[in-house]
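Start at 1 and go down the list; that is how both ligands and their atoms are numbered.
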Amino acid sequence: MKKYDVVVIGAGPGGYVTAIRCAQLGLSVACIESWVNDEGKPALGGTCLNVGCIPSKALLDSSHHFHHIKHASNDHGITLTGITIDVNKMVSRKAKIVTTLTQGISALFNKNKVDWLKGRAQLLNNKEIEISPQHETHDEKTIVAASHIIIATGSVPTKIPPATVDNKLIVDSTGALAFNAVPHRLGVIGAGVIGLELGSVWNRLGSEVTILEALPDFLSLVDRQVAAAAEKSLRSQGLDIRLGAKVTGTGSNNREVTISYNDLQGRQQITVDKLIVAVGRSPNTAGLGVAECGIELDRRGFIVVDEHCKTNLANVYAIGDVVRGPMLAHKASEEGVAIAERIAGKPGLMNYATIPWVIYTWPEIAWVGKTEAQLQAEEIEYRTGSFPFMATGRARAMGEMNGLVKILADAKNDRVLGIHIFGANASELIAEAVITMEFDGSAEDLARTIHAHPTLSEAVHEAALAVDNRTIHL
Ligand code: FAD
Ligand code: AMP
């Protein structure tokens, strides 16, 4: 039986990054992965690279180009006619990006001498793992041993009884990344991150999109001012967002889907050509043998871990979507890096307070730290400064005036407690906010930092000045 210092189960952004970091630190490491792609080939990269972050951003970028060319070119004096979209080409482009990146991980594994073990892992105890080969191979089951086991098996789309995915008319996020034509009428259940991003893709390409969300508030996790600005903007783009709309059933023939839902007015129905079920994701521990080995799961099926991602079973860790915390790729990766370093005897730490969140609608929504509502609930006194994109030269030059930056700082010591951005390129602008918080910076630190002109980052600078009531351009 082959024995490693570390065996990682799952090669998503949690698992593959952990395996590489372990190898860099001189540990012998294998990564077990069961993913088989559409071509029937084993693939690394997990949800994120195969059916998550990367393919969704490829389609968001393509659809943004299409929409922008169609609707914003005229403002720049550019006249274009006969603009069409070739959906199959757009989807093939996405597939090519996925293949390039997933093959890139395989090259990184070779470079770092990480053994890629293909097949499905099942824990036998805290030292041994059985690997069942993929169905199309005739290999025997094997067992590997490890001094440390890291579970990074991620998550799968949550299923709900009223809307069973048939992968024809009713799809989950994976199916929604592979439509071969623009649906005329598209329904989406769930106005969370995934529902809004995928709804935006097809709306930009011409679908009439209706999003049904059970909760009464739009993006309840997001700062209220930012959520209100985003809701207004998305509605103006044509997304029909119905809040307080709980889906109770669906019926489909071979052509269309009828969705029943309840809202304050009572029972409602709509009919669509395709329906995306985007009601969240659930931890993936099926067939993994965790319960049989005595690993504790919480009520929702997440593996229970401490602040260092240790499970209750000695030398077994779990990271990423399969444990508590935000379901974000960078959170999974950084948890894994911290564990790899601790196993190698280094002080690996993970700062949960500075994990950035991004929603890739247009404009984008990004934030780090606390919202005003959280500060109020925790009775923390704060000062706030905000600044609209409209008042910056670069946003005007770009024609991207819809946006704002809002900074929340501790009223006693000016330390930044949260930064919330709605606007073009918020996904990139948020990095400055994360660094400020990582270094325990103050609003004054940001205000004294020289920002290049003309850039969108000047809105961050001005929001920091606004905390002290000394904006220049407003
Ligand atoms: P995963 O990426 O799910 O990887 C787990 C891996 O484990 C899989 O490859 C699986 O095959 C393997 N596995 C499971 N069980 C076994 C077993 N028993 N044996 C062997 N292998 C096993 N996050 C962001 O940060 N930014 C985004 O823009 C973003 N966009 C998203 C868009 C969509 C449409 C979706 C669905 C998700 C998106 N996410 C995004 C979330 C992100 O994909 C996840 O947070 C991230 O992939 C979690 O990483 P992970 O390593 O924990 O798990
Ligand atoms: P997220 O967890 O961010 O992916 O968002 C999923 C969203 O789906 C949440 O906001 C849920 O409130 C919503 N949701 C879950 N079940 C239903 C349902 N039956 N009808 C409408 N919305 C739902």
Side-chain angles (χ1 to χ4, degrees), residues 8-18 31-36 42-57 59-60 102 117-123 129-132 134 151-158 160-163 172-174 176-177 188-198 201 211-221 242-250 259 261-263 276-290 318-323 325-333 335-336 355-360 427:
V8 182
I9 306 176
Y16 86 76
V17 170
T18 310
C31 184
I32 309 172
E33 175 54 67
S34 58
W35 197 283
V36 177
L44 298 168
T47 304
C48 170
L49 271 79
N50 289 286
V51 293
C53 324
I54 298 298
S56 61
K57 265 78 260 178
L59 296 189
L60 278 157
T102 54
L117 307 179
K118 301 176 182 93
R120 205 159 176 83
Q122 186 186 343
L123 282 180
I129 303 162
E130 183 178 78
I131 307 169
S132 304
Q134 267 105 337
I151 301 171
T153 51
S155 61
V156 289
T158 301
I160 50 167
D172 58 21
S173 57
T174 303
L177 294 168
V188 181
I189 311 180
V193 178
I194 294 175
L196 291 175
E197 290 186 3
L198 294 175
V201 166
I211 305 188
L212 303 170
E213 167 56 55
L215 297 176
D217 292 327
F218 182 68
L219 288 177
S220 49
L221 271 183
R242 303 189 188 177
L243 300 172
K246 187 165 169 50
V247 173
T248 53
T250 49
I259 311 164
Y261 65 93
N262 288 330
D263 64 11
I276 304 174
V277 182
V279 293
R281 297 183 60 83
S282 306
N284 181 15
T285 55
L288 188 61
V290 277
I319 59 167
D321 281 11
V322 78
V323 303
M327 287 183 157
L328 294 168
H330 41 284
K331 176 261 192 186
S333 302
E335 283 183 331
I355 298 174
W357 294 70
V358 180
I359 306 178
Y360 294 82
S427 58

With a cutoff of 4.0 Å, is [X] in contact with ligand 2, counting heavy atoms of the residue only?
{"X": "Ala245", "result": "yes"}
{"X": "Ala278", "result": "yes"}
{"X": "Ile189", "result": "yes"}

Heavy atom under 4.0 Å from ligand 1: found in [X]'s side chain, backbone, both, or neither?
{"X": "Thr174", "answer": "neither"}
{"X": "Lys57", "answer": "side chain"}
{"X": "Pro55", "answer": "neither"}
{"X": "Ile194", "answer": "side chain"}
{"X": "Ser173", "answer": "side chain"}
{"X": "Leu288", "answer": "side chain"}
{"X": "Asn284", "answer": "side chain"}
{"X": "Arg281", "answer": "side chain"}

Out of [options], whose heavy atom is nearest to [atom]?
{"atom": "atom 24 (C) of ligand 1", "options": "Cys48, Gly336, Ala329", "result": "Ala329"}
{"atom": "atom 16 (C) of ligand 1", "options": "Leu177, Leu117, Val156, Thr153", "result": "Thr153"}
{"atom": "atom 13 (C) of ligand 2", "options": "Met327, Arg242, Glu197, Glu213", "result": "Glu213"}

Of all the atoms in ligand 1, which lie at a distance below 4.0 Å from a heavy atom belonging to [X]?
{"X": "Gly154", "answer": "1 (P), 3 (O), 5 (C), 52 (O), 53 (O)"}
{"X": "Ser56", "answer": "32 (C)"}
{"X": "Gly46", "answer": "2 (O), 4 (O), 8 (C), 9 (O)"}
{"X": "Gly10", "answer": "6 (C), 7 (O), 12 (C)"}
{"X": "His330", "answer": "25 (O)"}
{"X": "Ser155", "answer": "3 (O)"}
{"X": "Tyr360", "answer": "28 (O)"}

Of the protein's non-hydrogen atoms, which lies at the shortest distance from [atom], and what is that distance?
{"atom": "atom 13 (N) of ligand 1", "result": "Ser34 OG, 4.0 Å"}
{"atom": "atom 52 (O) of ligand 1", "result": "Asp321 N, 3.0 Å"}
{"atom": "atom 46 (C) of ligand 1", "result": "Pro13 CG, 3.7 Å"}
{"atom": "atom 32 (C) of ligand 1", "result": "Gly52 C, 3.4 Å"}
{"atom": "atom 9 (O) of ligand 1", "result": "Glu33 OE1, 2.7 Å"}
{"atom": "atom 51 (O) of ligand 1", "result": "Gly14 N, 2.8 Å"}
{"atom": "atom 39 (N) of ligand 1", "result": "Cys53 SG, 3.7 Å"}
{"atom": "atom 41 (C) of ligand 1", "result": "Met327 O, 3.7 Å"}
{"atom": "atom 8 (O) of ligand 2", "result": "Gly190 CA, 3.3 Å"}

Could you tell me if Thr158 and Ser282 have a donor-acceptor pair between their side chains, going purely by distance under 3.5 Å?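 There is such a pair (donor and acceptor under 3.5 Å, judged by atom type) between the side chains of Ser282 and Thr158.
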[X] to ligand 1, any heavy atom closer than 4.0 Å:
{"X": "Gly119", "answer": "yes"}
{"X": "Gly287", "answer": "no"}
{"X": "Val358", "answer": "no"}

Test item: [X] and [Y] side chains (from C-beta on) under 4.5 Å apart, heavy atoms:
{"X": "Ile211", "Y": "Arg242", "answer": "no"}
{"X": "Leu198", "Y": "Leu59", "answer": "no"}
{"X": "Trp357", "Y": "Pro326", "answer": "yes"}
{"X": "Tyr16", "Y": "Glu33", "answer": "no"}
{"X": "Ile32", "Y": "Val8", "answer": "no"}

Determine, for Glu197 against Lys57, whether the closest basic-nitrogen to carboxylate-oxygen distance falls under 4.0 angstrom. yes
Can an N or O of Val247 be found at a distance shorter than 3.5 Å from an N or O of ligand 2? yes
For ligand 2, is there an N or O atom under 3.5 Å from any N or O atom of Ala214? yes
Ligand 2 to Gly280, heavy atom cutoff 4.0 Å, flagged ligand atoms 2 (O), 4 (O), 6 (C)
Within reach of ligand 2, part of Val279 (heavy-atom separation under 4.0 Å):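 The part of Val279 near ligand 2 is both the backbone and the side chain.
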